[in-house]
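Structure, as structure tokens:
Since this is a predicted model, take the numbers as computed values, not measurements.
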Amino acid sequence: MAGQSRKWMILVATTWIQAFTGTNFDFSSYSSNLKSVLGISQVQLNYLAVASDMGKAFGWCSGWSLLHFPLWVVLFMAAFLGLFGYGVQWLVISKIITLPYVLVFLLCLTAGCSICWFNTVCYVLCIKNFSTNRALALSLTISFNGVSAAIYTLIANAINPQNDTLYLLLNAAVPLLVSVLALLPILRQPPLQHLATDATSWDSSIFLVLNILAIITGLYLLLLDSLSSVSSTACFLLGGAILLLVLPLCLPGIVCARNWARQTIHASFHSDGSRFNLVDTDDLELVKGLIGSENCSGSNGNSYRVMEKGVCLTCFGRVMEKDRLTMLGEEHSAPALVRRWDFWIYYVTYFCGGTIGLVYSNNLGQIAESLGYSELSSLVTLYSSCSFFGRLLSAAPDFLRDKVYFARTGWLAVVIVPTPIAFFLLVASGSEEALQACTALVGLSSGFVFSAAVSITSELFGPNSAGVNHNILITNIPIGSLLYGLLAAIVYDSNAGSTSLLETQLGKEMVCMGRQCYLKTFIVWGCISLVGLVSSFLLFLRTRPAYDHFKSSRNRTQSS
């Protein structure tokens with residue numbers, strides 16, 4: 001039973017890693033300073049943001065490394081990549097050293113790789129130690145990646161609220177420190193073992209408690225951020241945030257105490273099996289068969305339904321029926337994946353509905369500056385916290401599936417709705433209130449997409465191939481970062497006026513002020529997000545039979 005307490009230590013360690021390694025969320029906090037020090041245009045600054053996102057295109061490197069090195073070695077490789085990438089950038093922005101633009105670009109790429117490597121380590125830890133409640137473990141830990149900016153803002157304000165360059169130094173040092181703290185639980189991973197029925201029920205109850213605690217943490221960071229501008233207050237608030245992150249360490253003790261009580265006074269406290277259970281006990285075998293099978297990689301052909309001749313006469317009907325998935329959990333190799341219509345519809349959904357939110361966050365510094373919004377750290381914290389809540393909400397399908405069964409792709413379509421609303425609201429109004437509301441909506445929506453995508457990829461195209469397939473999916477992030485960000489930068493620079501080569505060399509960057517700096521960008525981004533909304537609805541319609549098939553199979557299993 002010691003293994004049961006140790007696996008919760010793994011979950012807490014994974015939460016810490018995620019909470020302190022979402023360093024791409026605070027790019028807006030120091031982007032204006034970086035632009036000024038390097039003397040670059042908005043287009044060139046956008047390329048630096050793209051370089052950070054390009055780290056996701058090299059996600060396969062972390063998976064390859066895990067095949068040849070222990071997990072803790074890969075963890076520290078990620079930490080040292082970040083230490084080098086962000087550390088040298090800090091030396092540049094602090095004017096301690098001077099580097100050409102090309103080398104700064106490579107530093108941003110290195111830092112972006114470290115984030116991807118940290119994420120891969122966390123995914124592997126959750127999947128390995130929580131095979132039954134995999135989706136709950138992933139959504140919980142991934143959600144904490146969204147609070148990184150809020151935590152770093154507290155740390156920076158506690159040290160020196162006036163020094164924006166601190167973010168890069170913290171991005172370099174803090175993940176390494178957290179990796180050292182997480183080393184012991186990772187080295188003492190529990191052996192793989194089959195969970196009894198009551199243990200699975202108990203795990204589900206603990207996940208419910210952890211999600212409630214996570215909500216409290218997010219609300220704490222969001223609601224009290226406005227008070228952190230004073231250093232002494234920020235120190236106090238930071239202590240409270242650290243306490244909330246440390247509080248889950250009580251779980252291993254609770255688990256051990258429960259196990260001792262069951263062994264010593266089991267007769268007095270006999271369980272009647274009526275506990276709340278996210279994964280129904282009669283459903284375990286079905287879940288193992290459809291979602292956790294290790295031997296289903298050769299059964300691709302079973303996921304294709306023979307089309308009924310003469311049924312689909314309209315163009316829409318033919319699109320809906322062509323090569324659609326009808327069963328969840330079937331393994332797809334990379335060549336099979338890229339031949340599926342469902343994958344490309346899913347790709348467009350992520351590209352137009354989720355990635356655009358990340359690009360918005362990368363431009364948040366210049367957006368706030370152009371609109372005359374002075375409280376940039378509060379705006380970054382707002383986006384980060386709402387992204388956290390969006391990621392946390394991605395667990396809703398798992399908590400509600402026995403009460404309100406709805407395909408996960410359907411939830412995805414619903415949650416993309418706020419994104420076009422936010423962009424068109426920014427077109428209509430440039431007030432601070434509109435900016436805050438739209439930042440919250442975009443953060444909530446994109447956070448859900450980022451977190452839910454891991455489970456959706458696993459469900460639609462197979463869990464055993466999810467590592468490779470998900471890395472193929474997120475190649476849209478650097479592409480979107482380049483295209484969407486380049487559009488925003490061109491519009492920004494065109495309104496700020498052209499910058500000559502001499503001015504660039506002298507460090508005289510052009511600053512654009514006014515609503516016109518991003519007005520056309522918001523219009524285009526709003527139209528793009530509408531494309532993402534339509535494609536998500538199409539994905540839901542095409543994959544609904546697969547989810548219905550899973551539901552009917554589960555019902556048959558329960559009734560037998």
Does a donor on one side chain sit under 3.5 Å from an acceptor on the other, for [X] and [Y]?
| X | Y | result |
| --- | --- | --- |
| T439 | Y360 | yes |
| S445 | T419 | yes |
| T355 | Y484 | no |
| N171 | Q89 | no |
| S535 | T349 | yes |

For a side chain to side chain contact (heavy atoms under 4.5 Å, CB included) check, start with the C-alpha distance between L238 and N157, then their side-chain angles and the critical distance, and finish with the verdict. CA-CA 9 Å; L238 178 62; N157 288 341; over 6 Å; no

Partners passing ring-ring contact (aromatic ring centres under 6.0 Å, His included) against F389 (at least two apart in sequence or in another chain):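 For F389, no residue satisfies ring-ring contact (aromatic ring centres under 6.0 Å, His included) once neighbours in sequence are set aside.
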
Sequence neighbours left out, what passes ring-ring contact (aromatic ring centres under 6.0 Å, His included) with Y383? Give chain and number order.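 None.
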
Can you name the closest pair of heavy atoms from [X] and [Y] and give their distance?
| X | Y | value |
| --- | --- | --- |
| A182 | A13 | CB-CB, 3.9 Å |
| I17 | C122 | CG2-SG, 3.6 Å |
| T153 | Y167 | OG1-OH, 3.5 Å |
| L473 | A453 | CD2-CB, 4.3 Å |
| S148 | N145 | OG-O, 3.2 Å |
| A241 | Y220 | N-CE2, 3.6 Å |

Distance-only, no hydrogens or angles: does the [X] side chain make a donor-acceptor pair with backbone N or O of [Y] under 3.5 Å?
| X | Y | value |
| --- | --- | --- |
| S52 | A49 | no |
| S394 | G390 | no |
| S361 | L358 | yes |
| T120 | C116 | yes |
| T110 | L106 | yes |
| S451 | F448 | no |
| W117 | V74 | no |

Separation of [Y] [atom2] from [X] [atom1] (nearest 0.5 Å):
| X | Y | atom1 | atom2 | result |
| --- | --- | --- | --- | --- |
| L393 | L444 | CG | CG | 6.0 Å |
| T15 | L11 | OG1 | CG | 4.5 Å |
| Y350 | L412 | OH | CG | 10.0 Å |
| L91 | L107 | CG | CG | 9.5 Å |
| R391 | S446 | CZ | OG | 7.5 Å |
| L169 | Y152 | CG | OH | 10.5 Å |

F84, CZ: over 12 other non-hydrogen atoms inside 6.0 angstrom: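 No, because the 6.0 Å sphere around CZ of F84 holds 12 heavy atoms or fewer from other groups.
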
Does F105 form a side chain to side chain contact (heavy atoms under 4.5 Å, CB included) with V50? I'd like the steps, not just the answer. CA-CA 9 Å; F105 181 91; V50 172; 5.6 Å; no

Could you check whether the rings of F351 and Y347 sit parallel, tilted or perpendicular, using 30° and 60° as the cut-offs?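 The rings of F351 and Y347 lie parallel, inter-plane angle below 30°.
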
Is any side-chain heavy atom of [X] less than 4.5 Å from a side-chain heavy atom of [Y]?
| X | Y | value |
| --- | --- | --- |
| L75 | F118 | yes |
| W16 | T141 | no |
| Q18 | N119 | yes |

Contacts of I159 that satisfy side chain to side chain contact (heavy atoms under 4.5 Å, CB included) - sequence neighbours left out: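 Checked I159 against side chain to side chain contact (heavy atoms under 4.5 Å, CB included); matches are I155, L166, L170.
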
Derivation of the ring-ring contact (aromatic ring centres under 6.0 Å, His included) call for Y30 and W90: CA-CA 10 Å; Y30 59 86; W90 176 75; over 10 Å; no

Centroid-centroid under 6.0 Å between F388 and F144 rings: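 Yes, they do, as the ring centres are separated by less than 6.0 Å.
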
Y346 and side-chain hydrogen bond (donor to acceptor under 3.5 Å, both in side chains): which partner among T543, T409, T457?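 For Y346, the side-chain hydrogen bond (donor to acceptor under 3.5 Å, both in side chains) test succeeds with only one of T543, T409, T457, which is T457.
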
Side chain to side chain contact (heavy atoms under 4.5 Å, CB included) for T14 and V121? Distances and angles first, verdict last. CA-CA 9 Å; T14 305; V121 169; over 6 Å; no

